[in-house]
Amino acid sequence: TGINFDGNDIENLPPELVKKGRNKVLEYWHSLSHGESFPVNEFKLILVGDGGSGKTSLLKRITTGEFDINEKQTHGINIQSWRLKRDEKEVSANLWDFGGQEIMHSTHQFFLSNRSLYIVVIDSRREEKVEYWLKHIEALGGNSPTIIVINKIDENAGFDVNRKFLLKKYPNIFAITKVSCSTGEGLEALISAIKGALDNVSHLNTLWPKSWFLLKQRLETINENFISITKFHELCKEFEIYSTASQSTLLDFFHDLGVMLRFKDFGLNDTSVLNPHWVTEGVYRIINSKKLAEHLGILKYELLESILPKEIYPRPQHNFLVSLMEKFELCYKITTDAMLIPDLL
Ligand code: GDP
Ligand code: MG
């Protein structure tokens, strides 16, 4: 049941499909060879913006209709699911909301994926660096559509951003809307904008064979912080997903849906993260460690053993964390056995 793309296979495919690229071919092939297939119907909605702008309030308003004037500061990552109606069908969204401290901004970059929908929340009572967020999305979010939400208009209705300038400079901006999480004003328009933007979240209508959904469900029930790539391949085989092309397509998909965090870059290949908190906590532990302060920002790799609890962060995963920090410029390798961690606080 594996898929091979040698010359013969390609010749037997509709040419218009081949032109669309490998993923389209794969999808087609699967729907043929497995009979049953279904649209993905799920996406990741990522809320970004400065601390205090109202990300958590917006998430609550959208998912429960509630508002709390004393909303507590978010720590780490808050993930909620939300179902919305789109053309008579239900679509599920995984909403990702991040805590606001500066140090956290840097680790949140790990989770800015392609094929997602972004909402940049800004506080109309403050002049905010909306471009800071737009640049991050541009760098890490691929062609994902973005909605700018100007919040707290109950307190400053007149505030606006330089729409013309932003729309020209960032073509991924799908809409700019004004809301108040407090009064609920503008929320309906925002939800319509979200639905509209979904047309640009390309994978929603992609067809998956049933086995892919079953594998996804299986991954979601695994109670581990991470799995190795070998284990992932074994799981694929359990669900009769044999070809390396499908396995690698799935890894990308799972990454973008937020099911699993996985970086293809060198050195990061062996670990796929199932629990996002595991990564951020590991990085915080390193950055906030006493040892690091004592050594003026220079940390020998061997010290990681005393910083990271072994049961949670086994030795082979140290390299994963360090490579990830390097990739996102949270640290720099300075010698073969030590790294420099700039002051992020
Ligand atoms: P976050 O850090 O981006 O998650 O922001 P929060 O959702 O925690 O909101 C920060 C503060 O602003 C909280 O006290 C909220 O109650 C308040 N807040 C959020 N949205 C609004 C709004 O539309 N109007 C007003 N007046 N306050 C709001
Ligand atoms: Mg919050």
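In listed order, ligands and their atoms are each counted from 1.
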Going by the atom numbers of ligand 1, which of them fall below 4.0 Å from some non-hydrogen atom of [X]?
{"X": "Asp154", "result": "22 (C), 23 (O), 24 (N), 25 (C), 26 (N)"}
{"X": "Ile69", "result": "13 (C), 14 (O), 15 (C), 16 (O)"}
{"X": "Phe67", "result": "16 (O), 18 (N), 19 (C), 20 (N), 21 (C), 27 (N), 28 (C)"}
{"X": "Asp50", "result": "3 (O)"}
{"X": "Ser53", "result": "3 (O), 5 (O)"}

- [ ] Kindly say whether Val179 contributes a backbone atom to a donor-acceptor pair with the side chain of Lys152 at under 3.5 angstrom?
- [x] no
Open item on the list: Taking Ala157's backbone N and O only, do any of them form a donor-acceptor pair with Lys178's side chain (distance below 3.5 Å, no angle check)?
Closed with: yes
TODO: For the Mg ion (ligand 2), decide whether Thr56 has an N, O or S atom at a distance under 2.8 Å.
DONE: yes
Open item on the list: Can you tell me if, anywhere in Gln73, an N/O/S atom lies at a distance from the Mg ion (ligand 2) that is smaller than 2.8 Å?
Closed with: no
Report the part of [X] in contact with ligand 1, treating N, CA, C, O as backbone and CB onward as side chain, heavy atoms under 4.0 Å; options are side chain, backbone, both, neither.
{"X": "Asp123", "result": "neither"}
{"X": "Thr56", "result": "both"}
{"X": "Glu155", "result": "side chain"}

Open item on the list: Ring centroids only, cut at 6.0 angstrom: are Trp208 and Phe38 within range, meaning strictly under it?
Closed with: no
Taking atom types as modelled, is there a side-chain donor on [X] or [Y] under 3.5 Å from an acceptor on the other?
{"X": "Ser124", "Y": "Asn156", "answer": "no"}
{"X": "Ser113", "Y": "Lys44", "answer": "yes"}
{"X": "Glu131", "Y": "Tyr170", "answer": "yes"}
{"X": "Asn172", "Y": "Glu138", "answer": "no"}

Task: ring pair (Phe, Tyr, Trp, His ring centres under 6.0 Å) between Trp133 and Tyr118, intermediate numbers included - done: CA-CA 10 Å; Trp133 296 108; Tyr118 286 85; over 10 Å; no
Task: Closest approach of any protein heavy atom to atom 23 (O) of ligand 1, naming residue and atom - done: Cys181 N, 2.8 Å
- [ ] Determine whether Leu261 and His255 make a side-chain contact, defined as any pair of heavy atoms from C-beta on separated by less than 4.5 Å.
- [x] yes
Open item on the list: Given Gly54, Ser180, Ser124, Gly99, identify the one with the heavy atom nearest to atom 5 (O) of ligand 1.
Closed with: Gly54
- [ ] Counting heavy atoms only, name the option from Val121, Asn78, Asp68, Ile153 that's nearest to atom 16 (O) of ligand 1.
- [x] Asp68
Open item on the list: Considering both backbone and side-chain atoms of Gly51, is one of its nitrogen or oxygen atoms within less than 3.5 Å of a nitrogen or oxygen in ligand 1?
Closed with: no
Task: Any N or O of Lys55 closer than 3.5 Å to N or O of ligand 1 - done: yes
Open item on the list: Can you tell me how the ring of Phe226 sits relative to the ring of Trp278, calling it parallel under 30°, perpendicular over 60° and tilted otherwise?
Closed with: tilted
